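None of the values given here were measured: they were computed from a predicted structure. Whatever order the structure lists them in is the order used to number ligands and atoms, beginning at 1.
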Amino acid sequence: MKNEYLALGEELDPEGYLICDYRVKSDLPIETAGSRIAEEESTGTWTRPTTLTEDIYERYGAKVVMAQGNMVRVGYPVIDFSGEFGGVPQILSIIAGNLFGLESLRGVRLQDIWIPKVITERYPGPRYGISGLRKILDRPEKPLIGTIVKPKIGLPPKEFADYVYEAGKGGLTNSKDDETLVDQDFCPLEARVSAVSEKLDLLEEEGHPMIHAHNISTSAHEILDAADIALENGARQLMVDVFTEGFSGVQVLAEDPSVGVPLHVHRAMHGAFTRDPEHGISMPVACKLVRMVGGDSFHIGTYGTGKMHANISEELHSEKALTEEMHGIHPTIPVSSGGLHPGHMPELMAKSGNDVQIQAGGGVSGHPDGVRAGATALMQAVDAAFDGIPLREYAKSHDELRKALETWGYR
Ligand code: CAP
Ligand code: MG
């Protein structure tokens, strides 16, 4: 039987198709493996339905336009994503759905996607993005520098807010809740936001513009209520763990005119499907979706310098996915975080460039002289790296940095 899903070499109209690249591991010939994906995710199944007419296939069938080595490129007609309802859940059910479970494919990894404007224009994109965040923080060209309040959980609101104040006095531009903190009894959202907002006001008066991202990841039907409580108490930024919340959680906050503040997007749980090079979904795919639904900042890793598993080429690809031209959608600022300390800054910034939000939790709170000194050391290291001054040299006249390097060394 002619394999209808193969259209090798066909040039697809990029505005007429959502195009996906998959890396495939299978005993099948690569073309067949590709057509299994196209078949399963559009008009087919394991055997040909007698009800599948030529017309249905022609209109709604996906096409395999490239199948070489272990890579296939599949185009899904935009009509497969039409209608008022469906959103990102429906996009993912097509491009990242049953195919991962097909017995005939021992491994599949969705490597990249190209989403046509007719789809992206249904989504809000970032309100602020890189330029908007820089404007809020009066930080025209250097990296944004942030901390994550540590310990991850346990500090009551007053001590939590004191941490933020100390970090701001140390020169940081950003701070955030950790990804597991939301509204626990020991640090309820309302009390935390109120206490932090008071400190941010004080920092502002003292010439340290700073924003703090409050984590409101919660059940879908509650997220706008949580946002209301945070905003009523002065929240300047909100945070969502996009993979435990769902992309729609980010989207609803980005779309709701009553929210209006920047959205920091954390990627907790991503390792479950991004880490295996032969099966899952790549971070660049996640980046394009987070940007489309409205994330102003999004974690992409530490370019091989921090504590988390890293694939540097994929992290550079992620950065590109967040910042390259994409149907006029604001660029999302890449967040580099996880196991970082001042000693990492020259190597990190040489790879990330300056359009990045660098964060350190332990690398600030673990400084022998406390949070303010830790924040100061991180700020000093970023300044030195920005000006191309070796850290050892800069540390001679900057005590906080010297002590950080003595404590953690440097790359
Ligand atoms: C970093 C962090 C972040 C990681 C997540 C943590 O703390 O708060 O969640 O950055 O990793 O809980 O580990 P430290 P990624 O600075 O103390 O490591 O950014 O790779 O998603
Ligand atoms: Mg964390």
Side-chain angles (χ1 to χ4, degrees), residues 143-155 160 163-164 167 170 172-182 184 187 192 212-217 237-245 250 263-275 280-287 289-290 295-312 314-319 321-322 332-345 348 351-352 356-367 370-371 374-375 377-379 381-382 404 407-408 410-411:
L144 308 187
I145 336 174
T147 187
I148 307 100
V149 177
K150 301 286 179 178
K152 193 167 274 224
I153 56 172
L155 286 181
F160 189 100
Y163 182 121
V164 175
L172 300 191
T173 57
N174 298 74
S175 61
K176 64 182 274 294
D177 294 353
D178 225 326
E179 74 281 355
T180 57
L181 180 70
V182 183
Q184 288 92 325
C187 195
R192 179 168 78 250
H212 179 94
H214 287 289
N215 187 10
I216 55 166
S217 305
Q237 188 175 29
L238 299 174
M239 168 172 149
V240 176
D241 297 342
V242 63
F243 298 124
T244 52
E245 177 71 45
V250 177
L263 303 178
H264 182 100
V265 181
H266 195 283
R267 62 174 185 170
M269 196 171 75
H270 79 91
F273 48 83
T274 59
R275 188 163 181 168
I281 301 172
S282 78
M283 270 299 299
V285 168
C287 287
L289 293 170
V290 164
D296 290 288
S297 43
F298 185 45
H299 289 232
I300 63 161
T302 56
Y303 302 85
T305 53
K307 73 185 179 186
M308 298 293 193
H309 168 77
N311 172 329
I312 298 175
E314 183 144 308
E315 292 181 349
L316 290 170
H317 186 180
S318 293
E319 180 189 293
L322 289 180
T332 297
I333 195 162
V335 175
S336 196
S337 173
L340 294 177
H341 59 69
H344 289 126
M345 292 307 108
L348 176 66
K351 293 172 188 168
S352 67
V356 64
Q357 178 170 320
I358 296 167
Q359 297 182 165
V364 164
S365 60
H367 191 285
V371 170
L378 187 61
M379 185 263 296
V382 168
T407 307
W408 295 306
Y410 75 117
R411 303 274 281 221

- Item | Proximal atoms of ligand 1 relative to Asp178 (non-hydrogen, under 4.0 Å) | 8 (O), 9 (O), 12 (O)
- Message: Which label fits His341 and Trp408: parallel for a plane angle under 30°, tilted from 30 to 60°, or perpendicular past 60°?
- Response: parallel
- Going by the 4.0 angstrom heavy-atom rule, the piece of Ala360 near ligand 1 is backbone
- Contact region, Thr302 to ligand 1, non-hydrogen atoms below 4.0 Å, reads neither
- Message: So if I count the atoms of ligand 1 from 1 in the order they appear, which ones are less than 4.0 Å from some heavy atom of Gly338?
- Response: 1 (C), 4 (C), 10 (O), 18 (O)
- If you check every N/O/S atom of Asp178, which is the one nearest the Mg ion (ligand 2)? OD1
- Mind checking whether Gly361 has an N or O less than 3.5 Å away from an N or O of ligand 1? yes
- If you scan protein heavy atoms around atom 10 (O) of ligand 1, the nearest is Ser337 OG, 2.6 Å
- Taking only heavy atoms of Lys152, which atoms of ligand 1 are found under 4.0 Å from at least one of them? 6 (C), 12 (O)
- Message: For His266, state whether at least one heavy atom is located under 4.0 Å from any atom of ligand 1.
- Response: yes
- What closest approach, in Å, do Arg192 and Cys187 show between heavy atoms, and which atom pair accounts for it? NH1-O, 2.6 Å
- Task: Determine, using heavy atoms of Gly339 and all atoms of ligand 1, whether some pair is separated by less than 4.0 Å.
- Result: yes
- Please confirm whether the backbone N or O of Asp241 pairs with a side-chain atom of Ser217, one donor and one acceptor, at under 3.5 Å? yes
- Message: Tell me the protein heavy atom at minimum distance from atom 7 (O) of ligand 1, and give that distance in Å.
- Response: Lys150 NZ, 3.1 Å
- Query: Just how far is it from atom CG of Leu340 to atom CD1 of Ile148, taken to the nearest 0.5 Å?
  - Reply: 8.5 Å
- Task: Would you please indicate if the ring centroids of His212 and Phe160 are separated by under 6.0 Å?
- Result: yes
- Item | Heteroatom proximity flag, His299 to ligand 1, N/O under 3.5 Å | yes
- Task: Say whether Gly362, considering both its backbone and side-chain N or O atoms, lies within less than 3.5 Å of an N or O atom on ligand 1.
- Result: yes
- Thr180 and Asp178: side chain donor to acceptor below 3.5 Å: no
- Below 6.0 angstrom between ring centroids: does that apply to His214 and His264? no
- Message: In the structure I gave you, are the side-chain heavy atoms of Gln237 and Asn174 within less than 4.5 Å of one another anywhere?
- Response: yes
- Message: Tyr303 and side-chain hydrogen bond (donor to acceptor under 3.5 Å, both in side chains): which single residue from His344, Glu319, Glu315 fits?
- Response: Glu319
- Item | Passing candidate, side chain to side chain contact (heavy atoms under 4.5 Å, CB included) with His299, options Met283, His266, Glu179 | His266
- Message: So, regarding Lys176 and ligand 1 (criterion: nitrogen or oxygen to nitrogen or oxygen, under 3.5 Å), is there a contact or not?
- Response: no
- Do Phe298 and Leu289 touch side chain to side chain, with heavy atoms closer than 4.5 Å? no
- Query: Can you tell me which residue and heavy atom of the protein come closest to atom 13 (O) of ligand 1, and the distance to 0.1 Å?
  - Reply: Lys307 NZ, 2.6 Å
- Note on the structure: Which atom of Glu179 is nearest the Mg ion (ligand 2), counting N, O or S only? It is OE1
- Do ligand 1 and Arg267 have nitrogen or oxygen atoms that lie under 3.5 Å from each other? yes
- Item | atom 11 (O) of ligand 1 - nearest protein heavy atom and its distance | Met308 CE, 3.3 Å
